[in-house]
Amino acid sequence: MGVTAILGATVIDGTARPPTDNAVILVDGNRIRSISATNNAIVPAGAKVIDAHGKYIVPGLMDANAHLFGAPLPDLVLQYEGRYSDILEEASQIALKSGVTTIFDTWGPLDPLVTVRDRINRGEILGSRLFVGGNIIGFAGPLSPDFFATMNIFGADTVKRINRQWEHDVGSDLMWLTPDGVRSRVRQYIEKSSIDFVKYAASGHRDPFITFSAPAQRAIVEEAHRAGLTVQAHTTSPESLRMEIEAGADLLQHGDITGMAPMPETTLKTIVERSLPVAALLSTEKHQAWMRDHGTEAMRTLFNDNLDNNDRRLIAAGARLLLTTDGFVCGPPVVNHPRVAPHVKGAVDYPKRLGESHFLWLEAAVERGMTPMDALRSATSNIAEAYGQSADLGTLEAGKYADLLILDADPLHDVRNWRRIVAVMKDGILIDRSRLPIRRILTEEDPGAAKE
Ligand SMILES: [Zn+2]
């Protein structure tokens, strides 16, 4: 692969620096060689040239929390057994098509996730760059009361076989162990799983109760750090959030959710003082209005005015937010499912639709008073830093991966311009977006396409 020169665009590089007009980006293989003003640039003979005059170039977008396996519903988990990798591949292609070049998958079937991540990294298949967490330590698999209680209708062997693909020996039986017992199971999991980061349960999934004791949470964090991995927790209540912070988590995953109570002022202060990254589930004002009128009571336990006010307070206080969508593939078998349909069908600006919801997140951030530049950094460099990946990702600088978007209007001028993607480059390769997703399992035709 030779050198590609992208000529003439305004480059917004994802650092705090002002944009560079009329720039030349040289891409060598899968990395950026240099970015300079046109006057100072020398384009090597034989370079492939992309004319981008009048366009805007930004780092590829990142999502700090999505679930590429978007169908953990009991019947679908069985129906698609053996094809989980295909579903993940499809999801990563839907994301890539819409400008998300990196995804942190924070809960899914580990082996298929690792397989797809590695195949994408080797260039065997197209897709967003994946980082995987595997199980949320402490949760049982999808066929369990933590997710979908199945009332014994499937048979014990089936339930065990399916759940094992998520749990990998760090499921809900960890609740019976001492902190040392938890520590050794987490250590084994990290050693044999090839995960990229650790996520554990500090709150339950179906309820807000505290899961692990404070010493057990510290043991999990220590084991992650011992292995050089970042760690985050699933929290949905003020106390689980406080305990996660006390335990030493690096990133607060949906740390803006505090359920039926607001985030305490002391917690907010700690987050800001320690500059702790908060992966925040922003949704637009239109969606909030829809949720107030049409959301189920269960949904409104978490997705309510406390969440919105927490986000507004975090933004006003200058906290470091990360774009996070919880996104999944909203194909017909999933959205027509009786358990999903009431939440998704008819929802205005539904915030978890993979391939679309990152645009809504950026719009919601600006609606809530975030500057367009901070919104851009929340979707790029902040995420790379929070996950310890900023040597390679998150900004457009010499030496980093050439993951970038070419837009035909300025996203700092109008947040809706994020949708105006004319090209996606990932790993130095211009992606043919019209082909994506190549793999079609949950989608029929083009539901992942951005509205343009
Ligand atoms: Zn979570």
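Predicted, not measured: the structure shown is a model, and the values here were computed from it. Whatever order the structure lists ligands and atoms in, that order sets their numbers, starting from 1.
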In a table with atom names and distances, give each donor-acceptor pair under 3.5 Å that connects a side chain of residues 105-116 to protein atoms at least two apart or in another chain.
{"from": "Asp105", "atom 1": "OD1", "to": "Trp107", "atom 2": "N", "distance (Å)": "3.2"}
{"from": "Asp105", "atom 1": "OD2", "to": "Leu68", "atom 2": "N", "distance (Å)": "2.7"}
{"from": "Thr106", "atom 1": "OG1", "to": "Asn65", "atom 2": "OD1", "distance (Å)": "2.5"}
{"from": "Thr106", "atom 1": "OG1", "to": "Lys199", "atom 2": "NZ", "distance (Å)": "3.3"}
{"from": "Trp107", "atom 1": "NE1", "to": "Asn135", "atom 2": "OD1", "distance (Å)": "3.2"}
{"from": "Thr115", "atom 1": "OG1", "to": "Asp111", "atom 2": "O", "distance (Å)": "2.9"}

Presence of salt bridge, Asp86 and Arg440, under 4.0 angstrom: no
Under the rule for side-chain contact (heavy atoms from CB on, under 4.5 Å), what residues qualify as partners of Ala289, not counting sequence neighbours? Arg292
Kindly write out the residues that satisfy side-chain hydrogen bond (donor to acceptor under 3.5 Å, both in side chains) with Thr266, not counting sequence neighbours, or none if the list is empty. none
Anything protein N, O or S sitting under 2.8 Å from the Zn ion (ligand 1): count it and give me the total. 3
Heavy-atom check, side chain of Pro277 versus side chain of Leu252, under 4.5 Å: no
Is the closest basic N to carboxylate O distance between Arg368 and Asp311 below 4.0 Å? no
